[in-house]
Amino acid sequence: MKRKVLLIYTGGTIGMEKDYETGSLRAFDFGNIFEKMPEMKLMECEVFVHPFAKPLDSSDMGPQEWKIIAHYIKENYELYDGFLILHGTDTMSYTASALSFMLKGLKKPVILTGSQLPIGDLRTDAKENLLTSIYYASLYENNEAVIQEVTIYFEYKLLRGNRTLKYSAEYFDAYSSPNYPILGQSGVHLNIAKENLYRNHAYTQLEIDDYICEDVLFWRIFPGMNLSSFTELPKMKVLILQVFGSGTIFSNEKTLKTLQQIRNNGTEIVVVSQCISGGISFGKYENSNIFSKIGAISGKDITAESAITKAMHLIDNPTYTGNFAENFSRSLCGEISE
Ligand code: ASP
């Protein structure tokens, strides 16, 4: 039986080709992908293409598009064996993280990919990313999908989507998952690290929870920063502070007073690290005591992208019991180490 993969094309560099006469980039028609890339016909699965009416640069993708994709997957869930989302690279980790929270009980693969060079460029990385993603999206064993989570495939690596970040605007190897091992790697053979794959036993079928609250703010702390400007901001529901190392901040009275005042206004404060790998460990240094005093939440080893989308998904979401701090601290779908 041929597996069926639904390819949802949203935009980004991958969907462009170069006009070699003028040198400019123009949109590549994914509806004609089989004519432009006849090698696709050699794949052992069937690929169906659904392009966004207007392809978007991923800086224009946000909660509204995340919801559209989540619902489109839900509507087509029974018709296809795997889902592939072609996406601009700039915000792909945000979309992957948001989708991982919205799609509950996934038992089929959802793979996001894109490229650093357009698909119509001679030196493109798009073809390998596309073809291998299709392979992973159609990978089944004993009638069960091997990948049952939202992932990013990029430059020979399959990664858990909500653990990723884009760390290079230059190299083909643009994504990393510093706090979680690779799920699969393609070389001469296409490998899967089965022990690292996520399995959800809490849901018997796919459920969409598209609740999103945009009242979330993210601040990177820097030496000499004037925190008192925070108190002049309109009230927000969640403030994510990206602090130094394993969770430190300048330890003066003013800092404590300002953060306490923000907490007293009912704002949840989540603390994440400026370091790409490792995470927050309250109590390791005295300069993290301030966070324990004000009841801030440790983001542990979560990425900034995942922390932001998780906060948007959780704050005041009626489908969750328990308080925000408890829910933020636990793993919803493998995005944080417990
Ligand atoms: N600006 C593009 C985007 O994110 C970059 C890319 O696709 O690589 O849509």
Side-chain angles (χ1 to χ4, degrees), residues 7-20 22-33 36-37 47 49-70 72-73 83-100 102 110-134 136-137 150-178 186 212 214 218 276 303-306 308-309 312:
L7 185 159
I8 304 169
Y9 167 60
T10 70
T13 299
I14 192 166
M16 306 203 144
E17 62 185 342
K18 209 178 207 164
D19 182 328
Y20 279 99
T22 62
S24 60
L25 291 176
R26 61 175 178 222
F28 175 96
D29 180 3
F30 264 89
N32 287 334
I33 184 88
K36 301 243 174 148
M37 274 181 70
V47 180
V49 182
H50 172 73
F52 264 26
K54 183 175 174 287
L56 296 175
D57 187 279
S58 74
S59 50
D60 278 328
M61 303 270 298
Q64 199 188 327
E65 288 73 28
W66 304 338
K67 289 182 193 186
I68 290 172
I69 297 172
Y72 198 70
I73 290 175
F83 299 86
L84 174 59
I85 302 164
L86 299 190
H87 196 288
T89 58
D90 292 341
T91 69
M92 189 150 55
S93 291
Y94 291 90
T95 302
S97 301
L99 288 177
S100 75
M102 286 180 172
V110 174
I111 300 182
L112 288 93
T113 196
S115 66
Q116 293 283 59
L117 284 178
I119 196 158
D121 189 292
L122 264 186
R123 292 182 53 244
T124 191
D125 52 332
K127 290 189 179 179
E128 202 289 320
N129 287 347
L130 175 63
L131 293 174
T132 307
S133 295
I134 294 173
Y136 279 125
V150 179
T151 60
I152 287 184
Y153 177 77
F154 215 87
E155 189 65 2
Y156 307 117
K157 287 180 293 188
L158 183 71
L159 306 168
R160 175 163 302 157
N162 58 29
R163 289 288 196 156
T164 61
L165 52 100
K166 180 182 178 184
Y167 72 92
S168 177
E170 168 65 19
Y171 300 120
F172 287 152
D173 186 10
Y175 282 86
S176 154
S177 156
S186 85
I212 283 275
E214 293 175 31
F218 184 90
I276 280 178
T303 60
E305 291 82 346
S306 217
I308 291 166
T309 48
M312 289 169 124

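No experiment lies behind these values; they were computed from the predicted model shown. Just follow the structure's listing: the first ligand is 1, and inside any ligand the first atom is 1.
- Atoms of ligand 1 found under 4.0 Å from any heavy atom of Gly88, numbered from 1 in the order shown, are 3 (C), 4 (O), 7 (O), 9 (O).
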Applying side chain to side chain contact (heavy atoms under 4.5 Å, CB included) to Met92 and Thr164, what does each step give before you reach the verdict? CA-CA 9 Å; Met92 189 150 55; Thr164 61; over 6 Å; no
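- Among all protein heavy atoms, the one lying closest to atom 6 (C) of ligand 1 is Thr13 OG1, 2.9 Å.
- Polar contact with ligand 1: absent for Thr91 (N/O pair, distance under 3.5 Å).
- For atom 8 (O) of ligand 1, the closest heavy atom belonging to the protein is Thr89 OG1, 2.5 Å.
- Heavy-atom contacts from other residues, nucleotides or ligands closer than 6.0 Å to OH of Tyr156 number 12 or fewer.
- Of all atoms in ligand 1, numbered sequentially from 1 with element shown, those under 4.0 Å from a heavy atom of Gly12 are 7 (O), 9 (O).
- The shortest contact between atom 9 (O) of ligand 1 and any protein heavy atom is with Ser58 N, 2.7 Å.
- Using a distance-only test at 3.5 Å, with no hydrogens or angles considered, a donor-acceptor pair links the side chain of Thr10 to the main chain of Leu86.
- At least one N or O atom of Asp57, backbone or side chain, sits closer than 3.5 Å to an N or O atom of ligand 1.
- When each of Thr124, Asn129, Asp125 is paired with Lys127, the side chain to side chain contact (heavy atoms under 4.5 Å, CB included) condition holds for Thr124 and for no other.
- Proximity of Ser59 to ligand 1, defined as any heavy-atom pair under 4.0 Å, is not found for any part of the residue.
- One distance of note links OG of Ser306 with CG of Asn162; it measures 4.5 Å at 0.5 Å rounding.
- Of all atoms in ligand 1, numbered sequentially from 1 with element shown, those under 4.0 Å from a heavy atom of Ser115 are 8 (O).
- In terms of polar-atom proximity, defined here as any N/O pair under 3.5 Å, Lys166 makes no such contact with ligand 1.
- Judged purely by distance below 3.5 Å, without hydrogens or angles, the side chains of Thr13 and Ser115 never pair a donor atom with an acceptor atom.
- Heavy-atom neighbours of Tyr171 OH from other residues, nucleotides or ligands within 6.0 Å: at or below the threshold of 12.
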